[in-house]
Amino acid sequence: MTVIRPARALLWLTAALALAGCNSSAYRPITATVGVDTGVTLTTAGSATALLTAQTLALGASVQHPSNADGVSWSLTGTGSLTAITTTSATFVAPATITGAATALITVTSIANPTQYASVALIVLGTPQINPLTLFPGNVNVAYQAPVAAAGGDAPFTWVVLSGALPPGLALNGSTSSATYIEGTPTTAGTYTFTLQTTDTLSNVASVALSMVINPQAACVLSGRYSLLFSGFRGGGPATHTGAISISSTGVITGEQDYKDPHRTTPAETLLSTSNCVNRETNTGVLTLNAPSGQLVYNFAA
């Protein structure tokens, strides 16, 4: 799917987004208030919401402006268990073993008024697990960057190439967090297989076997036939742009387009031979579409 959005004189083209999971302990306790000047407050010891396997965490709860001393009831969804439960406190016990990370959602509800409640999500960090991923192909002499992330584990992390070798020109960026990058500028085409390993501060280890294709140097990371569709605003009013284009291995763009905005209305027209696609980095580049009615420029990510 292709989405195009205008930005003043430039139009921006976005193709596909790559997603990578990550592990974070930057959660904060949640206080939910229901009603007017009433509610329930839920707290964690030291404002912590991330802990390791087999650890415990003290929790406290209070009814704001209570009309009686009934306190709260407790419930848990997800991993772990609650012990030492009273109407004002409880202790969360993380499971002894987890691979990756798991979540426990704890909710407290006012006994006197069940419409008043609060909840907090606790993250339990187990032994690290590298999230599954497929590496986008690269091109010789085109800057490359791909994220690799682990769930679970206790920072800091050490990332290494355990076996095989990254494509010449690429390296790990030296991160000590649960996420790192393979980055650089490839210099040699080919198919490369290698295994990445990460070790956390508790000496827990995770690894993943990967394969990466580096294609020969090319004018554009896109090649082949594409449909183009834009519907949005430009020049103070609605704009539309449709087309069918072909991108050659040398980056030359041919095809037809139909573009309309408040300042120009053109029938379907054939693109000029000067239309082209040029790489920027990894899987991004610039499309320049020249036609008798004028020029349109798009940034794209594939």
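Excluded from the calculations below are hydrogen atoms, water molecules and symmetry mates; all remaining heavy atoms, backbone and side chain alike, are included. All figures in this text were calculated on a predicted structure; none of them were measured in a lab.
- Residue Thr198 comes nearest to Trp159 through the heavy atom pair OG1-CE2, 3.5 Å, listed as atom of the first residue, atom of the second, then distance.
- Here the side chains of Leu287 and Ile247 are in contact, with some heavy-atom distance below 4.5 Å.
- Residue pairs satisfying the disulfide bond (SG atoms under 2.5 Å apart) criterion with at least one member in residues 111-149, sequence neighbours excluded, are absent.
- At a threshold of 4.5 Å between side-chain heavy atoms, the hydrophobic network of Ile, Leu, Val, Met, Phe, Trp and Tyr places Met212 and Leu133 in one connected group.
- Remark: Asp258 engages Lys260 in a salt bridge (charged side-chain N to carboxylate O under 4.0 Å, His left out) (not counting sequence neighbours).
- If you take OG1 on Thr288 and OH on Tyr298, they are separated by 11.0 Å, rounding to the nearest 0.5 Å.
- Ser177 contributes no side-chain N or O that, together with a main-chain N or O of Phe157, makes up a donor-acceptor pair within less than 3.5 Å.
- In summary, the side chains of Ser275 and Asn290 do not present any donor paired with an acceptor at a separation below 3.5 Å, with no hydrogens or angles considered.
- Taken from CG in Leu272 to OG1 in Thr254, the straight-line distance is 12.0 Å, to the nearest 0.5 Å.
- Hydrophobic clustering of Ile, Leu, Val, Met, Phe, Trp and Tyr side chains at less than 4.5 Å, counting indirect connections, unites Ile182 with Val161.
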For residues 103-110, which side-chain N or O atoms pair as donor and acceptor with protein atoms under 3.5 Å away, sequence neighbours left out?
{"residue": "Ser110", "atom": "OG", "partner": "Ala112", "partner atom": "N", "Å": "3.4"}
{"residue": "Ser110", "atom": "OG", "partner": "Asn113", "partner atom": "N", "Å": "3.1"}

Quick one: do Thr195 and Ser163 satisfy side-chain hydrogen bond (donor to acceptor under 3.5 Å, both in side chains)? Show the steps, please.
-> CA-CA 5 Å; Thr195 299; Ser163 63; 3.2 Å; yes
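- Remark: Pro168 engages Thr187, Thr188, Tyr192 in a side chain to side chain contact (heavy atoms under 4.5 Å, CB included) (not counting sequence neighbours).
- Side-chain heavy atoms closer than 4.5 Å link hydrophobic residues (I, L, V, M, F, W, Y) into clusters, and following such links, even through other members, never connects Val252 to Phe300.
- Among all heavy-atom pairs drawn from Pro128 and Ala206, the shortest one is O-CB, 3.2 Å.
- Here the straight-line distance linking atom CG of Leu222 with atom OG of Ser249 works out to 13.0 Å at 0.5 Å rounding.
- Minimum heavy-atom separation, Thr185 to Ala143: OG1-CA, 3.8 Å.
- Shown here for Ala94 and Leu52, the closest heavy-atom pair between the two residues is CB-O, 3.5 Å.
- One hydrophobic cluster, built from ILVMFWY side chains closer than 4.5 Å, cannot hold both Val63 and Ile111; they sit in different ones.
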May I have the step-by-step check of side-chain contact (heavy atoms from CB on, under 4.5 Å) for Leu42 and Val72, ending in yes or no?
-> CA-CA 10 Å; Leu42 174 60; Val72 302; over 6 Å; no
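- Between the side chain of Asp200 and the main chain of Asp154, a donor-acceptor pair closer than 3.5 Å is present.
- By the 4.5 Å heavy-atom criterion applied to side chains, Thr282 and Thr284 are not counted as neighbours.
- Across every non-hydrogen atom of Asn279 and Ala218, the tightest pair is ND2-O, 2.6 Å.
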Contacts table for residues 134-142: side-chain donor-acceptor under 3.5 angstrom, sequence neighbours left out:
{"residue": "Asn139", "atom": "ND2", "partner": "Pro216", "partner atom": "O", "Å": "3.0"}
{"residue": "Asn141", "atom": "ND2", "partner": "Gln217", "partner atom": "OE1", "Å": "2.8"}

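- Residues in residues 227-302 take part in these disulfide bond (SG atoms under 2.5 Å apart) pairs, two or more places apart or across chains: Cys220-Cys277.
- Taken together through direct or relayed side-chain contacts under 4.5 Å among Ile, Leu, Val, Met, Phe, Trp and Tyr, Ile123 and Leu202 form part of one hydrophobic cluster.
- Rounding to the nearest 0.5 Å places OG1 of Thr180 at 8.5 Å from CG of Leu196.
- Counting heavy atoms from C-beta on, the side chains of Thr44 and Phe92 never come closer than 4.5 Å.
- Proximity of Val297 to Val286: side-chain heavy atoms (C-beta onward) are separated by under 4.5 Å at one or more points.
- Summarising the geometry, atom OG1 belonging to Thr53 is positioned 9.0 Å from atom CG belonging to Leu125; distances are rounded to the nearest 0.5 Å.
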Show your reasoning for whether side-chain contact (heavy atoms from CB on, under 4.5 Å) applies to Leu76 and Ser81.
-> CA-CA 7 Å; Leu76 182 150; Ser81 60; 5.6 Å; no
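- Here the closest heavy-atom approach between residue Ala121 and residue Thr49 is recorded as O-CB, 3.8 Å.
- To the nearest 0.5 Å, the span separating CG on Leu122 from CD on Gln55 amounts to 11.5 Å.
- At least one side-chain heavy atom of Asp261 sits less than 4.5 Å from a side-chain heavy atom of Tyr259.
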